[in-house]
Amino acid sequence: MFFLKISPALACGCTIVIKSAEQTPLVALYCAHLAKEAGIPSGVLNVLSGFGETAGAAISSHMDIDKIAFTGSTEVGRLIMEASAKSNLKPVTLELGGKSPLIIMDDANVDEAVNLAHLAVYVNTGQVCCAGSRVFVQEGIYDEFLKKAVARAKQQVVGDPFKPGVHQGPQIDRVQYEKVLEYIQYGKREGANLLTGGSHLGDKGFYIEPTIFSDVKDDMKIAQEEIFGPVMSILKFKTVEEVIERGNKTIYGLSAGIVTKNINIANRISRSLRAGVVWINCYMVFSPDCPFGGYKMSGIGREYGSYGLENYLQVKCVITPLQESPWL
C-alpha cells in the first residue's frame, strides 16, 4: 500500500506527506527508511505518524497541500472530501470500502470455486477492501458448495502469522476484533445459518475462527455492511438476471468475481455489475497496468497504470501567436 501510493506521485515529480494508519505506523517509517537508502532526497518523501482526527484532519484541510489520495473507510472518505471542499478544493482520490460479490455458476468446478471463495474472503484475515464476502452460489451446486466450503474453512490454521504453516493471523486491533464478533452476532440474530466458526480463538490475541453463514438474505447486515474480517456470507440464486440485480444491491461497487466455464455468461455479468474491477475464474489478481478503483460509495478515481498517473498531473494549455508564420 505504501509504495502503491508513493510510486505514481514520485514519478510525476510530486513531493509527498504520508500519514500512516495509526494501527501500523512502523511499516511506513521503515519503508521511508528504505526510500532514503535508495537515494530519494530529504524532504521529497515525508512520513507523519498520528491519528486521523488530528494529523489526518490537518492534512485534509491544509491550504498548501494540492492533492489527497486516501485508502480506508467510506465514512472517513466523506470527511476528507468535506475538508477539501472547505479549504482549497484540493482534488481527492478515494479507495474506500466494499461488499464485493463472488458469483459461482452451476457449471463451475466446485473444488476450484471453494478455493477461490476461501481466498476471496480469508486472505489477510479478511481485512481487505475488495474481499469477496458475498458468495452467490447457483442452486444446482449450492448444497455441495456448502459442504466443501465448511470442510475447507476447518482446515484453516489460525495463529501467529510469523510461524510456518499458519494461514490466518489476528485482527489488527481490539476495535476491529470486537466489530467482527458483533457482526457475527447480527448474523445469528437476523436468521442466517451459522455453519462453522463464529467465535474467538484462544485466550490471548485477537484471533477469530473462519466463519461461514448460509441462507443469508440481501437485507441482512452481514450482506450489506463491510465486516473487514474472516466472515463468508453464502447466498443462493437461480438465474443470471437475478444474480446481476442482487449483486448490484449494495452501496458499494469496488470489485466482483465470476466463476463459470461459459464465457458468454461471464461477459454478460461482468458488463452488468457496477464494479470497478471484475475477476473471471480468479480473484485478487493485480497488475501495475490494470486500473483499480470503485463505483458508487467505494471511491473516486483509479490507481495503477496511466489512470493512476493522471491523478498527479495537471493539464495546462499554452497559446502563442505566430506573427511571422508563412502559413498565416
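Only heavy atoms go into these numbers, but all of them, side chains included; no hydrogens, no water, no symmetry mates. Starting from 1, each residue takes its place in the sequence as its number.
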Please assess Lys99 against Gln224 for the test side-chain contact (heavy atoms from CB on, under 4.5 Å), listing each intermediate value before the final yes or no.
CA-CA 7 Å; Lys99 196 66 184 177; Gln224 285 295 314; 6.0 Å; no

Hey, any chance [X] and [Y] share a hydrophobic cluster, counting ILVMFWY side chains that come within less than 4.5 Å of each other, even indirectly?
X: Ile227; Y: Val135; result: no
X: Ile265; Y: Val259; result: no
X: Ile141; Y: Leu116; result: yes
X: Val216; Y: Val231; result: yes

Tell me, do [X] and [Y] make a side-chain contact under 4.5 Å, heavy atoms counted?
X: Lys5; Y: Glu303; answer: yes
X: Trp279; Y: Val285; answer: yes
X: Phe286; Y: Leu4; answer: no
X: Tyr304; Y: Cys290; answer: no
X: Asp111; Y: Lys148; answer: yes

Between atom [atom1] of [X] and atom [atom2] of [Y], what is the distance when rounded to the nearest 0.5 Å?
X: Phe136; Y: Ile258; atom1: CZ; atom2: CD1; answer: 12.5 Å
X: Asp66; Y: His62; atom1: CG; atom2: NE2; answer: 10.5 Å
X: Asp218; Y: Phe237; atom1: CG; atom2: CZ; answer: 12.0 Å
X: Phe145; Y: Asp106; atom1: CZ; atom2: CG; answer: 12.5 Å
X: Glu182; Y: Lys221; atom1: CD; atom2: NZ; answer: 8.0 Å

For Arg189, I'd like to know if atom CZ has over 12 heavy atoms of other residues, nucleotides or ligands within 6.0 Å.
yes

Please work out whether the ring planes of His118 and Tyr122 are parallel, tilted or perpendicular, with thresholds of 30° and 60°.
perpendicular

Any idea how Phe206 and Tyr177 line up, ring-wise: parallel (<30°), tilted (30 to 60°), or perpendicular (>60°)?
tilted

Would you tell me whether Asp289 and Ser287 have side-chain atoms, one donor and one acceptor, within less than 3.5 Å of each other?
yes

Looking at Arg268 and Glu241, is there a salt bridge between them, counting it only when a charged N and a carboxylate O are closer than 4.0 Å?
yes

Do the charged groups of Lys261 and Asp107 touch, with an N to O distance under 4.0 Å?
no

So, applying side-chain contact (heavy atoms from CB on, under 4.5 Å) with Ile18, which one of Leu45, Asn46, Leu48, Ile59 is it?
Leu45

